[in-house]
There are 2 protein chains.
Amino acid sequence: MYIWVMDTRDKILDLGEELIRTRGYHAFSFKDISVPLGMKNAAVHYHFPSKSNLGLAIIDRTNDRFLSEIHQWSSLSKEKQLANFLKIYSRSYRQNKVCFMGALGPAYDTLPANMQEGLQKASHEIRSWLTGLLKDGLSEGVFEFTEKPGEKADLIISALLAGLIMGRVTGEPVVLSIIKNLKKQV
Amino acid sequence: MYIWVMDTRDKILDLGEELIRTRGYHAFSFKDISVPLGMKNAAVHYHFPSKSNLGLAIIDRTNDRFLSEIHQWSSLSKEKQLANFLKIYSRSYRQNKVCFMGALGPAYDTLPANMQEGLQKASHEIRSWLTGLLKDGLSEGVFEFTEKPGEKADLIISALLAGLIMGRVTGEPVVLSIIKNLKKQV
DNA sequence: GTCTATACCTGGATAGAC
DNA sequence: GTCTATCCAGGTATAGAC
């Protein structure tokens with residue numbers, strides 16, 4: 001019989017991810033991590049020497065998860081893959097989180113260089129995957145739209161990203177109505 | 001003959017607006033204002049007792065400008081008014097700025113209460129104006145879309161807002177292609 | 001209105017004991 | 001791997017002179 005042991009490092013990553021996606025990079029501190037986890041500041045530094053170090057690890061982990069997810073989807077229909085992608089954002093909404101690009105993009109210029117690279121890489125993965133999906137689905141005839149696939153991908157990602165942000169401010173489930181409408185547009 | 005004198009208060013507001021829209025609220029300091037303007041920290045505090053005070057003044061000024069702009073547009077055709085609205089975002093792109101909602105929304109929960117209110121108010125103004133424009137344009141037959149006007153407004157605002165953010169990260173003029181495509185969708 | 005000086009706090013980070 | 005203790009930098013904010 002196996003039991004699940006989440007080690008400290010994972011707990012830090014989990015909490016750090018939530019903090020970035022609810023407060024942004026500059027508005028959270030090591031204290032926001034150490035206190036809830038019942039440890040001291042220095043202990044967090046043991047696992048992640050610097051804040052940018054932690055920030056990058058969080059971005060990379062999320063990106064790896066995304067790549068593994070789309071890999072698992074690869075045998076599914078194009079419609080189902082798109083639906084799964086949209087589901088990521090409705091889940092984010094329920095968890096009151098924005099996506100990484102939404103959380104970190106506005107202050108991109110203020111981020112440490114390593115995080116800028118990580119974010120750029122992650123955004124490239126998402127855009128190129130969705131572009132490919134739309135392109136294939138279009139030629140298969142399962143999707144229907146007039147834009148170029150790459151531009152359509154940006155339209156979709158943008159609407160989702162900003163829907164999460166607007167939901168924060170307005171208190172309305174903006175992203176859910178956006179998802180509903182996006183489905184009619186492909 | 002009149003000459004234009006921009007007083008210190010206006011200079012602070014201008015610079016503060018740029019800082020918020022390029023770096024976000026938490027990543028700029030009074031130093032970022034006082035040094036470029038050749039004054040001391042304390043002098044900035046004379047005009048704005050607290051940072052949140054300054055933040056709110058910036059939001060309110062931008063909102064007032066928007067209201068005055070749309071008022072000036074009111075005699076124009078619906079298409080022209082929409083085109084003017086889109087132009088705000090292509091100008092923002094050229095200036096390397098994101099919009100206020102994009103800059104402040106992701107970290108909404110970390111903002112001082114007065115700024116939260118100001119941002120919420122501003123977002124309401126924009127959404128309701130655009131909703132009205134789309135609704136009127138639809139019944140006049142100058143616009144053509146199948147979504148509900150309010151949802152269409154959110155789709156448009158979202159795409160623009162996030163286009164600016166994605167442009168930051170990717171280095172591509174995402175918002176420009178988004179604008180091009182949005183025009184075909186109304 | 002702007003200055004100098006300073007108080008106060010928070011945050012990131014490191015050294016060294018356990 | 002976590003602790004205590006500490007350092008240092010930076011940021012907001014205020015008091016009081018000019």
Side-chain angles (χ1 to χ4, degrees), chain A residues 3-59 103-104 106-107 109-116 118, chain B residues 3-59 103-104 106-107 109-116 118:
Chain A
I3 52 168
W4 222 242
V5 180
M6 204 198 312
D7 63 15
T8 304
R9 191 187 150 89
D10 285 334
K11 286 183 193 164
I12 294 172
L13 286 170
D14 283 349
L15 187 47
E17 175 177 336
E18 184 178 332
L19 286 165
I20 287 182
R21 294 177 59 189
T22 53
R23 307 176 59 86
Y25 182 69
H26 295 288
F28 89 89
S29 72
F30 279 80
K31 209 174 164 183
D32 295 323
I33 291 181
S34 59
V35 171
L37 296 186
M39 53 172 58
K40 298 297 171 182
N41 219 318
V44 182
H45 274 285
Y46 167 79
H47 295 278
F48 300 96
S50 74
K51 191 180 178 183
S52 67
N53 193 313
L54 170 59
L56 177 59
I58 292 170
I59 293 175
L104 300 175
D109 295 344
T110 71
L111 295 178
N114 59 346
M115 289 182 65
Q116 290 183 340
Chain B
I3 52 169
W4 224 243
V5 181
M6 204 196 316
D7 62 15
T8 304
R9 191 186 150 89
D10 285 335
K11 287 183 191 164
I12 295 172
L13 286 171
D14 283 349
L15 187 47
E17 176 178 335
E18 184 178 332
L19 286 165
I20 287 182
R21 293 177 60 189
T22 52
R23 308 176 57 86
Y25 183 69
H26 295 288
F28 88 90
S29 72
F30 279 81
K31 209 174 165 183
D32 296 322
I33 291 180
S34 59
V35 171
L37 295 186
M39 53 172 57
K40 298 297 171 182
N41 220 320
V44 183
H45 274 285
Y46 168 79
H47 296 277
F48 300 96
S50 74
K51 191 180 179 183
S52 67
N53 193 312
L54 170 59
L56 177 59
I58 292 170
I59 293 174
L104 301 175
D109 296 344
T110 71
L111 296 177
N114 59 345
M115 289 182 65
Q116 290 184 340

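Every chain is numbered from 1 and lettered A, B, ... according to where its sequence line falls, protein lines coming before strand lines. Please read all numbers here as calculations on a predicted model, not as lab measurements.
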| request: Report which part of the nucleic acid A:Lys40 touches: base, sugar-phosphate, or nothing (heavy-atom distance under 4.0 Å, all strands). | output: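 If one applies the 4.0 Å heavy-atom cut-off, A:Lys40 turns out to touch a base.
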
| Counting only N and O atoms by type, is there a donor-acceptor contact under 3.5 Å from the side chain of A:Tyr25 to the main-chain atoms of A:Ala103? |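 Pair absent, no side-chain N/O of A:Tyr25 close to backbone of A:Ala103.
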
| query | Within 45° of the axis and under 6.0 Å from the centre of the six-membered ring of B:Tyr46, does NZ or CZ of B:Lys40 qualify? | reply |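 Because its charged atom misses either the 6.0 Å distance or the 45° angle limit, B:Lys40 does not stack over B:Tyr46.
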
Can you give me the closest heavy-atom contact between [X] and [Y], atom names plus distance?
| X | Y | answer |
| --- | --- | --- |
| B:Asn53 | B:Asn114 | N-ND2, 4.2 Å |
| A:Phe48 | A:Phe30 | O-CE2, 4.3 Å |
| A:Ala43 | A:Met39 | CB-SD, 4.0 Å |

| said: Could you tell me if B:His26 and B:Thr110 have a donor-acceptor pair between their side chains, going purely by distance under 3.5 Å? | reply: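 Result is yes, a qualifying pair exists.
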
| field | Distance in Å, A:Asp32 CG paired with A:Leu19 CG, rounded so as to fall on 0.5 Å steps | value |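 The CG atom of A:Leu19 is 5.5 Å from CG of A:Asp32, to the nearest 0.5 Å.
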
| said: Please report the distance, rounded to the nearest Å, between NE2 in B:His26 and P in C:dC9. | reply: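 Taking NE2 of B:His26 and P of C:dC9, I get 21 Å after rounding.
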
| said: Applying side-chain contact (heavy atoms from CB on, under 4.5 Å) to A:Ile59 and A:Leu104, what does each step give before you reach the verdict? | reply: CA-CA 10 Å; A:Ile59 293 175; A:Leu104 300 175; 3.8 Å; yes

| request: Just report the end-to-end axis angle for the helix from C:dG1-D:dC18 to C:dC18-D:dG1, five pairs per end, to 10 degrees. | output: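 Comparing the first five pairs with the last five, the axes sit 0° apart.
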
| said: Could you tell me the boundaries of the chain A footprint on DNA chain D, defined by atoms under 4.0 Å from its heavy atoms? | reply: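 From 5' to 3', the first and last contacting nucleotides are D:dG1 to D:dT4.
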
| message | If you apply the rule side-chain contact (heavy atoms from CB on, under 4.5 Å), what do you find for B:Asp109 with A:Arg23, and how did you get there? | response | CA-CA 7 Å; B:Asp109 296 344; A:Arg23 307 176 59 86; 5.6 Å; no

| query | Under the side-chain contact (heavy atoms from CB on, under 4.5 Å) criterion, do A:Ile33 and A:Asn41 qualify, and how do the steps go? | reply | CA-CA 8 Å; A:Ile33 291 181; A:Asn41 219 318; over 6 Å; no

| field | Sorted by number, the residues of residues 41-50 of chain A with heavy-atom contact under 4.0 Å to DNA chain D | value |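 Only A:Ala42, A:Ala43, A:Tyr46, A:His47 qualify.
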
